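What follows is a set of notes on a single structure, which appears directly below.
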There are 2 protein chains.
Amino acid sequence: MQEIMQVAAQVFRDKGYSEALTAQIAARAGVVEGTIYRYFPGKRDLLIRVVEQWYERILADYDQQLRVLQGTRARLRFLIWRHLTVIHNEPGMCRLIFNQLRAWPEYRRTTVFDLTREYTRRTLEIVQQAIDAGEFRADLPLRIVRDMIYGGVEHHTWVYLRGEGDFSPDTAADAMTELVYRGLACEQPASSQRPPRPAPAEVTLRRLEAVARRLEQSAGAKGGSARV
Amino acid sequence: MQEIMQVAAQVFRDKGYSEALTAQIAARAGVVEGTIYRYFPGKRDLLIRVVEQWYERILADYDQQLRVLQGTRARLRFLIWRHLTVIHNEPGMCRLIFNQLRAWPEYRRTTVFDLTREYTRRTLEIVQQAIDAGEFRADLPLRIVRDMIYGGVEHHTWVYLRGEGDFSPDTAADAMTELVYRGLACEQPASSQRPPRPAPAEVTLRRLEAVARRLEQSAGAKGGSARV
DNA sequence: TTCATTAGTGAGTATTGCTCATCAATTTAG
DNA sequence: CTAAATTGATGAGCAATACTCACTAATGAA
C-alpha cells in the first residue's frame with residue numbers, strides 16, 4: 001500500500017490529477033487496477049491520502065524552526081518565506097492542493113485542512129502577540145492580515161506554478177514582510193523614544209482588548225464548525 | 001449557439017465543471033449533443049467562451065466608475081471592493097475561473113487572462129502614481145503589492161466560495177485598503193499638514209470601536225454555522 | 001431545377017474510474 | 001494436522017461520459 005502511495009504521489013505530481021490514470025499508477029506499482037480500490041475508496045481519496053502524508057512530513061520540523069526566532073518581524077518573515085519556499089520546492093504537490101484538493105467538498109474533512117489551519121494559526125498568534133505588546137495596531141481584523149499574507153504568497157507563485165516563470169522566495173518574503181509590518185506597525189517613534197505618552201487609557205485599552213480576545217476564544221472554542 | 005452558451009453558463013454555474021454534462025447542456029438547449037461540437041471544439045472551450053462572455057460584461061463599466069474617483073485611497077479601495085463584490089455576486093462563475101480555468105494550460109491564450117491583466121494593471125497604475133506623487137514609498141516591488149491585494153481578496157473569499165460562510169465586501173475592503181495604504185504610505189507628515197497626532201481621544205475611540213466590532217463578531221460567530 | 005454550403009443529427013466509439021465474483025494465501029479453530 | 005475462515009489480490013467487465021462521423025435536411029446561389 002505504501003508502494004501504491006509512493007507511485008501515486010509521483011504520477012500525480014508529474015501529470016496532474018486528471019491526467020494521472022489509475023491504470024498507470026497500478027501498472028507502475030506492480031499491481032492490478034482493482035488492488036488500488038481495495039485500499040482506497042476512490043481516486044480522490046488516494047490523492048487525499050498522498051497529500052496528507054506529504055504535508056505531515058513538510059510540517060514536521062516547522063514549529064521547531066519557528067521557536068528559535070525572536071522578534072515579530074523575523075518570525076513573520078519566516079512564516080512567509082517558509083510558505084514561499086515550500087511552493088518553490090514542491091510545485092507539483094502545491095498545484096494539486098491549490099487546484100484540486102481545495103476545490104473538493106471533502107476538503108474540510110481532510111487533515112490537510114486541519115494542518116493548514118494549524119499552520120496559519122501561527123501567523124495569527126504572532127500578530128496577536130505584537131498587538132498585545134503595543135507593537136502593532138489593533139484595529140485591523142487578524143483574519144484579513146492572514147488572508148493577505150497567504151493569498152499574496154499564492155498569487156505571487158501562480159506564474160511559477162503554471163511553469164511559466166520563476167520567483168525568489170527571499171526577495172518576495174522581504175517585500176511582503178515589509179508591507180505587512182509597516183501596514184500594521186504603530187506610529188514610528190517620530191522624535192523621542194517609544195511611549196511618548198503611556199496614557200492611563202492605554203492600559204485600559206489593552207485590558208479591554210484582552211477581554212475581547214478571551215471572549216472570542218471561548219466563543220470560538222465551543223462551536224465545532226467553521227470560524228475565525 | 002447563443003442558446004447553447006446561455007444554458008451552458010447556467011449549468012456550469014450550478015453544477016461546476018466536471019459535474020456539468022455535455023448531454024445535459026445539449027438537452028436543455030434543445031439540441032443534440034453533437035451540435036455542441038459543431039460550435040465548440042470541446043467542453044473546455046465551451047467553458048472558456050462562456051467565461052469570456054461573462055467577464056467582458058462584468059468589466060464593461062469598470063473604467064467608467066474608476067475614473068470618477070479621486071485620491072489614491074478611494075481608488076485603491078474601489079478596486080479591492082469591486083473585486084470582492086464581483087465574487088460575492090457571482091460565486092459560481094468565480095469558482096469556475098479560480099478552480100478550473102486558471103489551472104488549464106489554455107488559460108494564457110484566453111481573453112480572460114488578458115482582461116485580468118488589464119484589470120490588475122489599474123492597480124499598478126494607481127500605486128505608481130502615488131509613488132510618483134511622493135505619497136507612497138518606492139522601495140517595494142509593485143507586483144508584490146498587486147499580489148497581496150488580489151491574493152488576499154481571493155483567500156478571504158474561499159470559505160464563501162465553498163458555500164460555507166459569508167463575508168462583507170465593505171468591511172473587508174476597508175481593512176485591506178487600510179493595510180495596504182499604511183504599508184505603502186511614506187512617513188506621516190510629522191509636523192506640518194494633517195493632524196500631527198490624531199489626538200489621544202480619537203485614538204482611544206478608534207480602538208474602542210475595534211474592540212466593539214470584535215465583540216460583535218465573536219458574539220455572532222457562535223450561532224448558526226460558519227460566517228464572517 | 002440543381003448544385004453547394006451550412007446546420008443539425010444520433011448512433012456509435014474510446015477512455016477511464018470503478019465493481020465484483022473468484023481465486024490464492026495465510027491465519028485461526030477444532 | 002486438517003478444515004474453515006479471513007485477508008489479499010485478480011482481471012474481466014460495467015457505466016459513465018466526452019467526443020466522432022457518416023449522413024440528412026434546409027437554405028441559398030446560379
Side-chain angles (χ1 to χ4, degrees), chain A residues 1-53 92-93 95-97 99-107 109-110 112, chain B residues 1-53 92-93 95-97 99-107 109-110 112:
Chain A
M1 195 189 72
Q2 274 299 320
E3 175 69 14
I4 294 175
M5 286 181 72
Q6 292 282 338
V7 170
Q10 199 54 50
V11 176
F12 279 140
R13 246 193 281 257
D14 293 347
K15 326 254 287 194
Y17 179 74
S18 53
E19 309 299 319
L21 308 185
T22 54
Q24 190 180 8
I25 293 170
R28 285 208 207 169
V31 296
V32 87
E33 217 174 332
T35 306
I36 292 178
Y37 292 90
R38 177 148 308 276
Y39 294 101
F40 306 94
K43 191 182 169 186
R44 285 191 170 196
D45 308 80
L46 175 56
L47 177 67
I48 289 172
R49 295 286 301 279
V50 163
V51 172
E52 280 176 353
Q53 186 168 305
M93 275 292 168
R95 246 194 309 266
L96 291 168
I97 295 175
N99 295 333
Q100 306 293 333
L101 232 189
R102 231 160 38 184
W104 294 345
E106 304 96 307
Y107 176 58
R109 281 170 289 136
T110 297
V112 174
Chain B
M1 195 190 71
Q2 274 300 320
E3 175 69 13
I4 294 176
M5 286 182 69
Q6 293 281 338
V7 171
Q10 198 55 49
V11 176
F12 279 139
R13 246 194 281 256
D14 293 346
K15 325 254 286 196
Y17 178 74
S18 52
E19 310 299 319
L21 308 185
T22 53
Q24 190 180 8
I25 293 170
R28 284 208 208 169
V31 296
V32 88
E33 219 174 331
T35 307
I36 292 178
Y37 292 89
R38 178 145 307 277
Y39 294 101
F40 307 94
K43 192 183 169 186
R44 284 191 171 195
D45 309 79
L46 175 57
L47 176 66
I48 289 171
R49 295 287 301 279
V50 163
V51 171
E52 279 176 354
Q53 186 168 306
M93 275 293 167
R95 246 194 309 266
L96 291 167
I97 296 174
N99 295 333
Q100 307 294 332
L101 231 190
R102 231 161 37 183
W104 293 344
E106 304 95 306
Y107 176 57
R109 280 169 290 138
T110 297
V112 174

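These figures come from a predicted structure and were not determined experimentally. Side chains included, hydrogens not; waters and symmetry mates left out as well; all remaining heavy atoms used.
- In this structure, CZ of B:Phe40 is placed 15 Å from P of D:dA18, rounded to the nearest angstrom.
- Closest contact between the side chain of B:Glu33 and the listed nucleotides C:dG8, D:dC19, D:dT10 involves D:dC19.
- No side-chain heavy atom of B:Val31 sits less than 4.5 Å from a side-chain heavy atom of B:Tyr39.
- Rounding to whole angstrom units, CG of residue B:Leu46 and C1' of D:dC19 are separated by 13 Å.
- Considering only side-chain atoms of A:Lys43, the nucleotide from C:dC18, C:dG8, D:dA9 that sits closest is C:dC18.
- For the pair A:Phe12 and A:Val51, the minimum side-chain heavy-atom distance is 4.5 Å or more.
- The phosphate of C:dG17 has OP1 or OP2 within less than 4.0 Å of a side-chain N or O from A:Thr22.
- Per the geometry, CD1 belonging to B:Ile36 stands 17 Å off P belonging to D:dC21, to the nearest Å.
- Counting non-hydrogen atoms of other residues, nucleotides and ligands closer than 6.0 Å to CZ of A:Arg44 gives a total above 12.
- Whole-Å rounding puts the A:Gln24 CD to C:dT16 P distance at 10 Å.
- B:Lys15 places no side-chain N or O within 3.5 Å of a backbone atom of B:Leu21 that could act as its donor or acceptor partner.
- In this structure, A:Tyr37 does not reach the C:dT19 phosphate: none of its side-chain N or O atoms is under 4.0 Å from OP1 or OP2.
- Using a 4.0 Å heavy-atom distance criterion, B:Ala26 is classed as making no nucleic acid contact.
- Looking at the side chain of A:Thr35, the nearest of the listed nucleotides D:dA18, D:dA9, C:dT9 is D:dA9.
- The shortest side-chain heavy-atom distance between A:Leu46 and A:Thr22 does not fall under the 4.5 Å cut-off.
- For the pair B:Glu19 CD and D:dA16 P, the interatomic distance rounds to 14 Å; values are reported in whole Å.
- In this structure, the CZ atom of A:Arg44 is 14 Å from the C1' atom of C:dC18, given to the nearest Å.
- Between A:Lys15 atom NZ and C:dT16 atom C1' the separation is 14 Å, expressed in whole Å.
- Checking D:dT10, C:dG8, D:dG8 against the side-chain heavy atoms of A:Tyr39 singles out D:dG8 as nearest.
- You'll find that the side chain of B:Arg38 is closest to C:dA7, out of D:dT10, C:dA7, D:dA18.
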